[in-house]
Amino acid sequence: MNEPAKKPHILVTNDDGVQAPGLLALVKALQPLGEISILAPERNWSASGHQKTLSRPLRVRKTALADGTPAFASDGAPSDCVALAVLGFFEDKLDMVVSGINPTNNLGHDVTYSGTVTNAIEAAIWGLPGIAVSLDTPKAGEVDYGPAAAVARRVAAAVLEHGLPRDMLLNVNIPYKPLEELTEYRITRQGRRVYRDVLIRREDPWDVPYYWIGGEFPTGIPEEDTDVGAVEQGFISITPLHLDMTAHRHIHELRKWDFRLDERSK
Ligand code: MN
């Protein structure tokens with residue numbers, strides 16, 4: 001008789017903090033797929049980007065999700081949590097990292113800011129399949145993560161079945177709709193965000209200026225084959241991202257430039 005195949009070991013993490021409801025929904029949805037371990041930041045780090053904490057020790061403490069599921073929380077950044085998990089915090093080797101469910105979408109240039117996405121990037125750096133899951137939630141009211149969690153399970157099952165090529169990760173964005181209406185998906189490319197940030201300058205009680213970057217929620221250019229366009233049309237968007245950020249199309253042109261130090265540079 002054959003030994004039963006080892007269940008896949010899946011790390012569930014996020015950037016919103018271990019107690020975020022999107023993480024609990026993701027954990028519950030993925031439980032049938034394998035052995036789930038949870039290690040997430042102890043607070044919200046949204047828009048923290050990709051980080052590696054080198055200047056101080058990282059602490060990890062035991063905690064539990066709202067339904068009692070045991071979990072671990074770290075005072076490190078989201079990507080630190082992935083590194084901790086991959087580098088041996090858990091005895092069993094990991095097979096996949098799923099990050100989310102983020103309560104807002106992560107489209108276009110957001111992938112450079114998003115802790116949700118950088119968790120999947122960190123997984124790819126360590127040679128593991130990584131999936132970032134974000135929900136295009138309306139801006140007010142209580143969020144139902146159920147439909148998005150079901151989509152996340154489907155995508156995670158497909159990744160377990162097929163694997164992902166090295167250096168690749170998936171950025172999944174899900175429209176906010178009931179499950180029965182989430183029937184269509186698009187494989188997309190990364191689109192373009194339009195940020196609406198403004199720089200606000202004020203003065204503190206000692207007349208010293210301070211600055212605050214803020215503004216309306218970004219929009220985007222809804223080109224048909226992009227993540228921005230797909231979500232705007234109500235489709236699930238699955239974007240394969242790659243760690244290679246080289247602008248390949250411009251290597252040839254750049255090689256024609258002259259960067260040598262000469263008389264002009266003295
Ligand atoms: Mn977030």
Side-chain angles (χ1 to χ4, degrees), residues 10-30 36 38-53 58 63 65-66 71-85 97-124 130-149 151-152 155-156 169-176 190-191 193 195-197 212-220 227-228 231 236-239 241:
I10 303 167
L11 174 73
V12 176
T13 188
N14 70 359
D15 77 343
D16 302 308
V18 71
Q19 293 302 339
L23 181 123
L24 176 59
L26 186 58
V27 166
K28 287 184 150 173
L30 297 184
I36 308 295
I38 304 156
L39 174 51
E42 60 190 14
R43 64 165 176 91
N44 189 347
W45 286 73
S46 293
S48 63
H50 200 174
Q51 300 196 25
K52 181 174 282 203
T53 298
L58 295 171
T63 183
L65 306 186
F72 293 94
S74 166
D75 63 351
S79 40
D80 288 323
C81 292
V82 175
L84 279 164
V97 175
V98 187
S99 172
I101 298 171
N102 199 62
T104 57
N105 60 41
N106 278 304
L107 304 168
H109 306 112
D110 291 346
V111 301
T112 62
Y113 295 109
S114 164
T116 308
V117 176
T118 52
N119 282 337
I121 291 174
E122 184 72 17
I131 307 172
V133 184
S134 306
L135 182 56
D136 188 38
T137 311
K139 297 299 163 272
E142 202 178 311
V143 178
D144 177 7
Y145 287 96
V151 172
V155 174
L169 54 133
L170 296 184
N171 183 29
V172 182
N173 282 276
I174 302 159
Y176 195 67
Q190 187 187 330
R193 264 298 196 204
Y195 292 105
R196 313 216 163 259
D197 293 342
W212 206 303
I213 298 167
E216 289 171 33
F217 200 76
T219 55
D227 50 6
V228 176
V231 169
I236 297 161
S237 167
I238 303 173
T239 312
L241 297 178

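Given the structure is predicted, the values throughout are model-derived calculations rather than measurements. Start at 1 and go down the list; that is how both ligands and their atoms are numbered.
- Of the candidates Val172, Val155, Asn173, Asp136, Ile236 forms a side-chain contact (heavy atoms from CB on, under 4.5 Å) with just one, namely Val172.
- Residues Ile174 and Leu135 meet the side-chain proximity criterion, which asks for heavy atoms closer than 4.5 Å.
- Contact check for Asn105 versus Phe217: side-chain heavy atoms found under the 4.5 Å cut-off.
- In this structure, Thr104 and Ser134 have side chains that are not in contact, with every pair of non-hydrogen atoms separated by 4.5 Å or more.
- Less than 2.8 Å away from the Mn ion (ligand 1), the protein contributes these N/O/S atoms: Asp15 OD1, Asp16 OD1, Ser46 OG, Asn102 OD1.
- Nearest heavy atoms, Ile121 versus His50: CG2-CE1, 3.6 Å.
- Asn14 is listed as a side-chain neighbour of Pro41, based on a closest heavy-atom distance under 4.5 Å.
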